[in-house]
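Worksheet: the structure to be examined is printed underneath.
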Amino acid sequence: KAKDEGRNNFQYYNSTLTELAFERVVMEASLRAALKNEEFIVYYQAQVNGDTDTIIGMEALVRWQHPTMGLVSPAKFIPLAESTGLIVELDRYVMKTAMTQISKWYEEGLNPGVLAMNLAVKQLQKEDCIEVFQELVKVTQCRPEWLALEVTEGKIMTHPEKAIVILQKISDLGIELSVDDFGTGYSSLAYLKRLPIDKLKIDQAFIRDLPDDEEDAGITKAVIALAKSLNLKVIAEGVETQVQRDFLVENGCENIQGYFYSKPIPSDEFENILRNGF
Ligand code: C2E
Ligand code: MG
Ligand code: MG
Ligand code: MG
């Protein structure tokens, strides 16, 4: 297409592509270096029972503390980490860090609830995936019931048959499984019924304009009803206001995650909430 539009355009596209490829190579090299230099840090965001305002757990969310760029959001580097395969090592690092942390909190007599961690599908496809979990649980002295894994709906549904097999093994370890970003990934209800999952996480896109947007309100209520009828727990993410919280709780979704309670924060700040409340 660029060619029909004349030479200049063609050159323009061409050099943009080269720049993108260059940027990618540079980014990939710095991701590798960052793993080696331990520049990744884990933030924690509270998951709360919106009825009682008590913490039921937290989600571990990675950030990149870059020496010159500052704190880089995962949206900027997770896709590249996924396409290069570095995500496997990164996720293992995040899991080990977060699991060590929650184990320490329990040991200190705090009640942090369940630790939810995001899992790239690449990790699930690794043959040693289960052994890696078992080993991590052992070395960090975590109990499986303290742990939950979040896998995005879109990614489960890319290879649902494969996903069912491996998710079943994780579930057999006693680890809770959540479908992340639910509502955005074209789930087949037939597969949803067969997946060994425990929880649906309503995507923040449906929460943002609650309760005024009638369609979003309708979708949210439908997902809550779907979860109940499949005997699944349900949690809403991206809850920023009290009206959103109230709407969800009134409609049967008492599990809430979002800025309304807390942004993702470093471990010391999270510990402060565990000790002193919000
Ligand atoms: P996610 O798993 O769906 O995580 C929720 C995202 O929503 C987080 O973005 C969180 O900071 C943000 N969020 C939470 N509450 C609110 C709110 O009230 N308002 C708004 N506007 N946003 C809210 P974050 O931390 O930038 O992470 C983005 C995505 O990156 C995550 O989406 C997850 O898919 C991925 N990710 C993050 N950490 C990891 C990791 O360690 N491993 C893997 N594989 N993926 C990760
Ligand atoms: Mg998540
Ligand atoms: Mg999500
Ligand atoms: Mg998301």
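Whatever order the structure lists ligands and atoms in, that order sets their numbers, starting from 1.
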Would you call the rings of Tyr44 and Phe270 parallel, tilted or perpendicular, taking 30° and 60° as the class edges?
tilted
Do NZ/NE/NH1/NH2 and the carboxylate oxygens of Asp53 and Arg245 come within less than 4.0 Å?
yes
Carboxylate-amine/guanidinium contact Arg92 Glu135, below 4.0 Å
no
Where on Asp91 is there a heavy atom closer than 4.0 Å to ligand 1, on the side chain, on the backbone, on both, or on neither?
side chain
Would you call Leu119 and Met95 a side-chain contact if the rule is heavy atoms closer than 4.5 Å?
yes
In terms of atom number and element, which parts of ligand 1 are under 4.0 angstrom from non-hydrogen atoms of Pro74?
24 (P), 25 (O), 26 (O), 27 (O), 28 (C), 30 (O), 37 (C)
Who gets closest to atom 7 (O) of ligand 1 by heavy atom: Glu237, Glu59, Gln204, Lys263?
Gln204
So for Asn118 against ligand 1, with non-hydrogen atoms under 4.0 Å, the contacting part is both
Tell me which one of Met95, Gln45, Gln257 gets a heavy atom nearest to atom 15 (N) of ligand 1.
Gln45
May I ask you to identify, for Met117, whether its side chain, its backbone, both or neither come under 4.0 Å of ligand 1 on a heavy-atom basis?
neither
Atoms in ligand 1 flagged as close to Glu240, the criterion being non-hydrogen separation under 4.0 Å
17 (C), 18 (O), 19 (N), 20 (C), 21 (N)
Can you tell me if Ala75 contacts ligand 1 (heavy atom of the residue under 4.0 Å from the ligand)?
no
Positive for salt bridge (Lys or Arg N to Asp or Glu O under 4.0 Å) with Glu59, one of Lys199, Lys263, Lys201
Lys201
Listing residue and atom name, which protein N/O/S atoms are closer to the Mg ion (ligand 2) than 2.8 Å?
Glu59 OE2, Asn118 OD1, Glu150 OE1, Asp180 OD2
Check for a donor-acceptor pair, side chain of Tyr106 on one end and backbone N or O of Gln101 on the other, with a separation under 3.5 Å.
no
Could you see which bit of Thr152 sits under 4.0 Å from ligand 1, with heavy atoms only: side chain, backbone, both or neither?
neither
Who gets closest to atom 38 (N) of ligand 1 by heavy atom: Val151, Asp180, Val62, Thr97?
Val62
